[in-house]
Structure formats: structure tokens, C-alpha cells
Amino acid sequence: MSAPGRKVHWLLAGILALTLLAAAGFGVRLGLSWYHWSQPGSHDQPLQGWMPLGYVGRSWQVPPEVLQGIAGVQPGDGRRTLQSIAEARGIALDTLITEIETAIQLWRAQGD
Amino acid sequence: MTDWFLALIADWGALALGLVTFLSCLALPVPSSMMMLAAGAFVASGDLAAGSVAAAALAGAVAGDQAGYGLGRWGYARAETWLRKSPLRTAVLDRARDSVQRRGALAVFLSRWMFSALGPYVNLLAGGAGMRWAPFTAMIVAGEAVWVALYIGLGYAAGGQIEAAAQLAGNAAGLLASLAVAAGLAWLLWRIWPRGGGA
């Protein structure tokens with residue numbers, strides 16, 4: 001077997017080893033993210049402007065009517081993102097987010 | 001940047017999703033998988049309707065694939081005369097085209113959802129290699145249907161945790177991709193590893 005040929009084989013073998021290493025890495029990350037996913041408990045996703053109200057309700061487990069009341073949105077207004085609600089009410093997005101988060105904590109404290 | 005795309009789905013729903021899947025099938029850098037997950041989550045939270053979301057995603061993807069296929073065909077038609085000027089190139093070309101035409105269907109199907117990063121390039125290749133339109137389209141529709149169901153379904157199950165679902169999907173895709181590359185390399189090595197005596 002000529003020397004250059006041998007080198008190619010070992011190079012390929014090296015790349016194969018690296019690829020398997022990468023696969024193992026992804027496998028570990030997959031296991032971790034699966035574990036994180038299946039954890040019960042606090043799944044409240046931090047509020048962001050792109051989120052529609054219904055999505056917030058699902059994430060924080062608040063009924064839609066309650067959330068609509070908090071956000072000042074009429075039912076049947078269709079899907080409205082937090083950003084568009086804030087704009088419609090003429091307030092800053094961060095203000096709306098704080099408002100909603102506070103109101104949800106209060107609502108939860110009432111033990112509904 | 002991702003936030004902007006997510007807002008697009010939240011505000012424009014199925015229409016935006018169809019546009020995004022179309023663009024992603026042409027290899028444009030749009031986060032289509034993430035947006036499919038978001039759309040699924042919005043279906044679960046009642047913000048979007050399942051039927052129109054799935055239909056739009058599928059239609060956009062199939063249209064994008066057809067465009068890529070057409071582009072491949074057009075590109076080959078333009079280059080064919082030049083390609084066939086050399087007998088060596090002609091031989092290689094005909095072998096490649098034959099290979100794709102006979103065994104390309106499975107690659108087309110799997111590159112829709114299992115190795116979706118390769119999808120757009122498989123479109124170009126299929127068109128350029130002269131894969132017949134009917135089997136190509138059949139594989140496209142079947143494969144994209146799996147992709148749509150998988151990601152929207154995952155988003156639906158994710159409920160209020162799109163980011164966690166995106167992590168999960170990303171790691172799974174990475175695992176599959178690296179295993180596929182490893183399998184290919186292992187096969188290659190097995191084929192060319194020297195056997196028996198010396199030089």
C-alpha cells in the first residue's frame with residue numbers, strides 16, 4: 001500500500017471518529033433536553049412580544065378569559081401578539097409584560 | 001431575528017408559514033423548523049387553526065421543491081451541451097443520471113424530513129439528473145407531509161414551551177445527521193481499506 005494511500009485512510013478514520021464524537025455529543029444533549037422537557041413544575045416561558053395571548057395562557061396555565069381581562073383585550077379579537085396589544089393600548093411592551101406577570105401572580109395567589 | 005419570524009407567524013398565521021416553507025425549500029436561511037414548531041404550539045393554544053396551518057405549510061413546501069426541481073432541470077438544459085463535449089464527462093454524467101433516476105426516490109423522500117438540511121440540494125440534483133416528475137412529486141408530497149406532521153405535531157405537544165421543543169428537535173436532527181455522515185464514512189472506509197498483502 002503506497003504511503004499517500006495509507007494517509008487518506010487514516011484521515012478518513014480520524015474524521016469518522018470525530019463524527020462519532022459529535023453524534024455522542026448530540027446524544028447527550030438530546031438526553032438532557034428530553035429530561036428538561038419532562039420536568040414537571042415551573043414551565044412559565046418568559047413573556048416576549050411575539051407571543052400571542054392564547055400561547056401565554058397555555059404556557060403559564062391561565063384561562064383565556066382571565067388573561068384577556070388582564071391584558072385589556074376583547075374576547076373574539078383573534079390572535080393578538082403582546083407587541084400588537086401594547087401598541088394598540090399605547091404603552092411600552094415591557095410595561096405590558098410587567099402588568100401581565102404581576103396580575104398572573106396575583107391571580108395565582110388567589111388560589112383559583 | 002428569530003423573534004421577528006415568530007411574530008410573523010403569530011400575526012399572519014398560515015399564510016406566513018406557507019411562504020416560509022416555500023423559501024426554506026429553496027435553501028434560503030429562514031428558521032422554518034422553529035416556525036413550524038411555533039405554529040403547532042399556536043394551534044394547541046387556539047391561536048391558529050390546524051387545518052389551514054398544515055395545508056399552507058405543505059403547499060409552500062411542495063411548491064418550493066417543485067421550483068428547485070425546475071431550476072435543476074433548467075440548469076442542466078443550459079449546461080448539457082458543454083458537459084457532453086468531453087467523453088469522460090459524458091460517461092460520468094450518464095452514470096450519475098442513471099443512478100439518480102433509478103434509486104433517487106428514497107433519497108428524495110428521506111431528505112424531506114430525516115435529513116432535511118439536504119432537501120433543497122436534492123431538488124436541484126433530481127431536476128438536473130432528469131428524475132421523472134411523477135415519482136419525484138410523489139416522494140415530495142409524502143416526505144413533506146411527514147415533515148409537516150412531525151414538526152407541527154411536536155410544536156402542538158410542546159404547548160407553551162416552544163424553545164424547549166426546538167432544542168429537542170435540533171439535537172435529534174444533529175444526532176441523525178452525524179450518524180448518517182458516520183455511516184457513510186464507515187461504508188467508504190470499509191470499501192477502500194487495504195486488504196491482504198503489501199504493495
Side-chain angles (χ1 to χ4, degrees), chain A residues 1-3 5-6 8-39 42-62 64 67 77-85 93, chain B residues 2-13 35 38-39 41-49 154-199:
Chain A
M1 190 74 225
S2 62
R6 273 233 127 86
V8 169
H9 295 129
W10 285 112
L11 183 66
L12 277 178
I15 297 178
L16 175 60
L18 284 174
T19 311
L20 287 174
L21 212 63
F26 277 117
V28 168
R29 285 178 54 132
L30 184 63
L32 285 174
S33 46
W34 185 271
Y35 172 76
H36 174 75
W37 166 298
S38 60
Q39 283 291 82
S42 175
H43 280 307
D44 303 337
Q45 197 174 355
L47 299 182
Q48 293 176 56
W50 57 262
M51 298 181 181
L53 213 52
Y55 177 77
V56 172
R58 192 109 195 287
S59 181
W60 291 59
Q61 290 163 320
V62 177
L67 210 46
D77 222 347
R79 62 182 176 270
R80 303 258 327 258
T81 59
L82 296 186
Q83 177 69 47
S84 57
I85 292 174
L93 178 65
Chain B
T2 317
D3 282 4
W4 184 81
F5 281 107
L6 288 172
L8 201 67
I9 297 292
D11 284 325
W12 292 92
M35 293 169 84
F42 297 162
V43 167
S45 61
D47 293 300
L48 290 176
L154 189 62
Y156 188 92
Q161 305 131 64
I162 293 178
E163 262 118 30
Q167 285 257 336
L168 207 67
N171 290 332
L175 181 63
L176 277 176
S178 40
L179 284 177
V181 172
L185 283 172
W187 177 83
L188 192 64
L189 264 176
W190 183 75
R191 286 286 297 262
I192 70 173
W193 197 265
R195 279 175 175 69

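Every chain is numbered from 1, with letters handed out A, B, ... down the list of sequences.
Residue B/A165 touches chain A through both its backbone and its side chain, counting heavy-atom pairs closer than 4.5 Å. In this structure, chain B has a heavy atom under 4.5 Å from the side chain of A/Q48, while its backbone stays farther away. Neither the backbone nor the side chain of A/A17 comes within less than 4.5 Å of any heavy atom of chain B. Neither the backbone nor the side chain of B/A169 comes within less than 4.5 Å of any heavy atom in chain A. For A/I15, the parts lying near chain B are the backbone and the side chain together; criterion is any non-hydrogen pair under 4.5 Å.
Of all heavy-atom pairs between B/D47 and A/L53, the closest is OD1-N, 4.4 Å. For B/N171 against A/S33, the heavy-atom pair with the smallest separation is ND2-OG, 3.2 Å.
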Can you give the donor-acceptor pairs under 3.5 Å from side chains of residues 176-188 of chain B to other protein atoms, not counting sequence neighbours?
from	atom 1	to	atom 2	distance (Å)
B/S178	OG	B/G174	O	2.7
B/S178	OG	B/L175	O	3.2

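Atom-to-atom distance recorded for B/L8:CG and A/T81:OG1 is 11.0 Å, nearest 0.5 angstrom. The structure places CH2 of A/W10 at 9.5 Å from CG of B/L189, a figure rounded to the nearest 0.5 Å.
Taking the six-membered ring where tryptophan is involved, the planes of A/W50 and B/F42 are tilted, since the angle between them lies from 30° to 60°.
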